[in-house]
Visitor: 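Take this structure, written in structure tokens, and hold onto it; I'll ask about it next.
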Amino acid sequence: MIVGAQWGDEGKGKIVDVLSESFSVVARYAGGHNAGHTVIINGKKFILQLVPCGVLRTACRSVIGNGVVLDPVAFLKEVAALREAGLRVDGNLFVSNRAQVILPYHRMIELAAENAPGRVKIGTTSRGIGPAYEDKMGRRGLRVADLLDLDLLKRHIENAVHEKNMIAHALFNSEPLDADKMYAEYAAAAGKIAPFVCDTALLLNRALDAGESILFEGAQGTMLDIDHGTYPFVTSSSATSGGAATGTGVAPNAIQYVIGLTKAYCTRVGGGPFPTEDKSEAGQMLRQRGNEYGAVTGRPRRTGWLDLPLLRYAKMVNGLSWLVVTKLDVLDELAEIPVCVGYKVDGKKMVEIPAQASGYEKLECVYQKMPGWKTSTVGLTEFGQLPKAARDYLAFVEKETGVNIGMVSTGPDRDQIIVIDDFAKEVQTASSPKG
Ligand code: GDP
Ligand code: IMO
Ligand code: MG
């Protein structure tokens, strides 16, 4: 399983793409089209939002699990773009009949709420993700299976639009949405989505029974997790490893390895605490060299330094078996690299991660300056080719987190990757058929 160990955008798309060569199925378990997973193959760029990155490998099946919130219009748009790029989606892309559906009123409510006076502004991706998960937990959501049941869809839209229009008007003075128009659009979308829909929990468990291997593709990251992240500046789903079981219907004890992804530094998009944020020129350099602009919204990402206390926390809440470090090349020109090795509050060492956003304001980061390597690592594929200072940097991360590094990414392209032998062996074991 691949999970983001920071605030998302760690390079999950690229790493899933690299690893998916060895797996039969790739499954998304949480989030929606708030995710933007970039894969670059021989210079050709794909940004996947809902569809798992396994779709780029013809031998791989891709599953959108029940934990995902699916915007039918966004899904069909992505499918059309993939078809246009010559990729096969028919017969190898599956959508859970239990996934929740995002409808236009979710976006309406989110937009109005985000801009309402007195509300905490989260800086969401404005995709309707939060309100769709609210309806799921409130037991008034529409699932994909219900979308395909046109009588039920009609009744659901009529009732929900009536209710949401009243709420949005009363609270935010929003313009009402038209239920008939919405039904016509979503009934048409339902017809196009139907061929992709099945009981994906059954599909995944049958695949496991047949000795096939599954790679779980996390979206967002640990610090955006609804429970474990920097609440309320989080997304509305379980982005951590626990979400993979509930979000797909594969039991936790069937999941062998959890691979945590971290950049060699840190970024976050949107509001909320970010202890190691660097707003100086050095931070701007990270943004420039790392091309740190949101894959979904194009917003400039906030940048800062590697935060080891947060990585240790990510190890704990996800049960990380391995770390993968991406974007090492972005640090190539630095003479010194600050790394946060601990937090202090009122001069006292702090090992706990604050539960409240306000708790982060009191944190003082303790930095250690690591020597830079001032030479290009772009495209290196062997650990031994890395300059000594880069190897020392990685060894320091391993020592401080207690998690071994399995891969190091040295550029955005599929081939720009260093794979450590022991990790390759373990992936081989995890992905080879049981016999
Ligand atoms: P995801 O959401 O975790 O899949 O990550 P994103 O795709 O949103 O953001 C990661 C960005 O970094 C993308 O533009 C990738 O092409 C790029 N990227 C991934 N790995 C590397 C790397 O090792 N070096 C560099 N320079 N860019 C990388
Ligand atoms: P990937 O999968 C980075 C952030 C948003 C916002 C907060 C809540 O590409 O790593 P939401 O629309 O989910 O309600 O927004 O979460 N966010 C992400 N940041 N990468 C992502 O996904 C994100 N998905 C949501 O910027 O701060
Ligand atoms: Mg992303």
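When a ligand or atom number is given, it counts from 1 through the structure's own listing order. Note that the structure is predicted; figures quoted are calculated from it, not measured.
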Visitor: Relative to the heavy atoms of Gly13, which atoms of ligand 1 are at a distance of less than 4.0 Å?
Guide: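 Checking each atom against Gly13, I get 4 (O).
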
Visitor: Check ligand 1 against Lys14 and write out every atom of the ligand that is under 4.0 Å from a heavy-atom position of the residue.
Guide: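 Numbered from 1, ligand 1 contributes 20 (N).
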
Visitor: Considering only protein heavy atoms, which is closest to atom 7 (O) of ligand 1, and at what distance to one decimal place?
Guide: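 I find the closest protein heavy atom is Thr38 OG1, 2.6 Å.
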
Visitor: Regarding Trp305 and Asp278, is there a side-chain donor-to-acceptor distance under 3.5 Å anywhere?
Guide: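 Yes, side-chain donor-acceptor contact under 3.5 Å.
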
Visitor: Provide, to 0.1 Å, the distance between atom 3 (O) of ligand 1 and the closest protein heavy atom, together with that atom's residue and name.
Guide: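 Sorting protein heavy atoms by distance from atom 3 (O) of ligand 1 puts Lys12 N, 2.7 Å first.
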
Visitor: Starting from atom 6 (P) of ligand 1, locate the nearest protein heavy atom and write down its residue, its atom name and how far away it is, to 0.1 Å.
Guide: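 The closest one turns out to be Gly36 O, 3.5 Å.
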
Visitor: Please report whether the ring centroid of Phe274 lies less than 6.0 Å from that of Tyr360.
Guide: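 Ring-ring flag for Tyr360/Phe274: false, centres at least 6.0 Å apart.
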
Visitor: Check whether any side-chain heavy atom of Leu394 lies under 4.5 Å from a side-chain heavy atom of Leu328, and answer yes or no.
Guide: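 Yes; the side chains approach each other to less than 4.5 Å.
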
Visitor: Testing the 3.5 Å rule here: is there a donor-acceptor pair between the side chains of Tyr265 and Gln6?
Guide: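 No, because no side-chain N or O of Tyr265 sits under 3.5 Å from a partner of the opposite role on Gln6.
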
Visitor: May I ask you to identify the nearest protein heavy atom to atom 10 (C) of ligand 1, giving residue, atom name and distance to one decimal place in Å?
Guide: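 The protein heavy atom lying closest is Asp9 O, 3.7 Å.
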
Visitor: What part of Thr410, side chain from CB on, backbone N/CA/C/O, both or neither, has a heavy atom under 4.0 Å from ligand 1?
Guide: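 Only the backbone of Thr410 comes within reach of ligand 1.
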
Visitor: Which protein N, O or S atoms lie under 2.8 Å from the Mg ion (ligand 3)?
Guide: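 Short answer, with waters excluded from the count: Asp9 OD1, Gly36 O.
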
Visitor: Should Arg289 be counted as touching ligand 1, given the test is an N or O pair under 3.5 Å?
Guide: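 So ligand 1 has no N or O lying under 3.5 Å from an N or O of Arg289.
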
Visitor: Side chain, backbone, both or neither: which part of Arg301 has a heavy atom under 4.0 Å from ligand 1?
Guide: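 Side chain only; the backbone of Arg301 stays clear of ligand 1.
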
Visitor: Looking only at the side chains, is there a donor atom on one of Asp146 and His156 sitting less than 3.5 Å from an acceptor on the other?
Guide: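 Short answer, no.
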
Visitor: For a quick check under 3.5 Å, do Thr230 and Arg268 share a side-chain donor-acceptor pair by atom type?
Guide: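 Per modelled atom types, Thr230 and Arg268 side chains form a pair under 3.5 Å.
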
Visitor: Does the side chain of Lys14 reach to within under 4.5 Å of the side chain of Gln416, using non-hydrogen atoms?
Guide: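 In contact.
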
Visitor: Under 4.0 Å from ligand 1, counting heavy atoms only, is it the side chain of Asp329, its backbone, both or neither?
Guide: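 Side chain only.
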
Visitor: Taking distance alone, with N or O pairs closer than 3.5 Å, would you say Gly8 contacts ligand 1?
Guide: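 It does not: no N or O of Gly8 is found under 3.5 Å from an N or O of ligand 1.
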
Visitor: Does the pair Arg119/Glu114 count as a salt bridge with the N-to-O cut at 4.0 Å?
Guide: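 Salt bridge between Arg119 and Glu114, a charged N being under 4.0 Å from a carboxylate O: no.
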
Visitor: For the 3.5 Å polar cut-off, considering only N or O atoms, please tell me whether Thr326 and ligand 1 meet it.
Guide: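 There is no such contact.
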
Visitor: State whether Arg312 and Glu400 are salt-bridged, where the test is any N-O pair (Lys NZ or Arg NE/NH1/NH2 against Asp/Glu carboxylate O) under 4.0 Å.
Guide: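 A salt bridge links Arg312 with Glu400.
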
Visitor: Strictly under 4.0 angstrom, heavy-atom based: which residues surround ligand 2?
Guide: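 Within the 4.0 Å shell of ligand 2, which is judged on heavy atoms, sit Trp7, Gly8, Asp9, Lys12, Asn34, Ala35, Gly36, His37, Ile122, Gly123, Thr124, Thr125, Ala219, Gln220, Leu224, Val234, Thr235, Val269, Gly270, Arg299.
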
Visitor: To the nearest 0.1 Å, how far is atom 27 (N) of ligand 1 from its closest protein heavy atom, and which atom is that?
Guide: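 Sorting protein heavy atoms by distance from atom 27 (N) of ligand 1 puts Lys327 CE, 3.4 Å first.
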
Visitor: Side chains of Ser20 and Arg57 only: does a donor on one sit below 3.5 Å from an acceptor on the other?
Guide: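 Yes, Arg57 and Ser20 have a side-chain donor paired with an acceptor closer than 3.5 Å.
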
Visitor: Below 4.5 Å, heavy atoms only, C-beta onward: do Arg98 and Asp199 meet side chain to side chain?
Guide: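 Touching, per the 4.5 Å side-chain cut-off.
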
Visitor: Below 4.0 angstrom from a heavy atom of Ser409, which ligand 1 atoms are there? Numbered from 1 as shown, please.
Guide: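 The list of qualifying atoms is 20 (N), 21 (C), 22 (C), 23 (O).
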
Visitor: In terms of side-chain heavy atoms, does Asn92 have a donor or acceptor partner in Ser62 at a distance below 3.5 Å?
Guide: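 No, Ser62 and Asn92 have no side-chain donor paired with an acceptor closer than 3.5 Å.
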
Visitor: Thr248 vs Val63, test: side-chain contact (heavy atoms from CB on, under 4.5 Å). Steps then yes/no.
Guide: CA-CA 9 Å; Thr248 59; Val63 165; 5.9 Å; no

Visitor: Return the closest protein heavy atom for atom 16 (O) of ligand 1 as residue, atom name and distance.
Guide: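 Scanning the protein heavy atoms, the shortest distance from atom 16 (O) of ligand 1 goes to Pro412 CB, 3.5 Å.
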
Visitor: Among Arg299, Arg301, Arg302, exactly one meets salt bridge (Lys or Arg N to Asp or Glu O under 4.0 Å) together with Glu292. Which residue is that?
Guide: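 Of all the options given, the one that passes is Arg301.
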
Visitor: I'd like to know if Glu212 and Arg61 make a salt bridge, using a cut-off of under 4.0 Å between side-chain N and carboxylate O.
Guide: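 Salt bridge flag = yes for Arg61 with Glu212.
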
Visitor: Is it true that the NZ or CZ of Lys44 lies under 6.0 Å from the centre of Phe46's six-membered ring and within 45 degrees of the ring axis?
Guide: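 Here Lys44 passes the 6.0 Å and 45° test against Phe46.
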
Visitor: Hey, is ligand 1 close enough to Ala295 that some N/O pair sits below 3.5 Å?
Guide: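 N/O-N/O distance under 3.5 Å: no.
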
Visitor: Do Glu281 and Arg287 meet the salt-bridge criterion of a basic N to acidic O distance under 4.0 Å?
Guide: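 Looking at Arg287 and Glu281, the cut-off is not met.
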
Visitor: Give a yes or no on whether a salt bridge exists between Asp421 and Lys425, defined as a side-chain N under 4.0 angstrom from a carboxylate O.
Guide: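 No, this pair does not count.
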
Visitor: Within the 4.0 Å heavy-atom shell around His37, which atoms of ligand 1 are there?
Guide: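 Listed by number with element, the hits are 1 (P), 2 (O), 4 (O), 7 (O).
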
Visitor: Which atoms of ligand 1 are found less than 4.0 Å from any heavy atom of Gly411?
Guide: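 Answer, ordered by atom number: 20 (N), 21 (C), 22 (C), 23 (O), 24 (N), 25 (C).
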
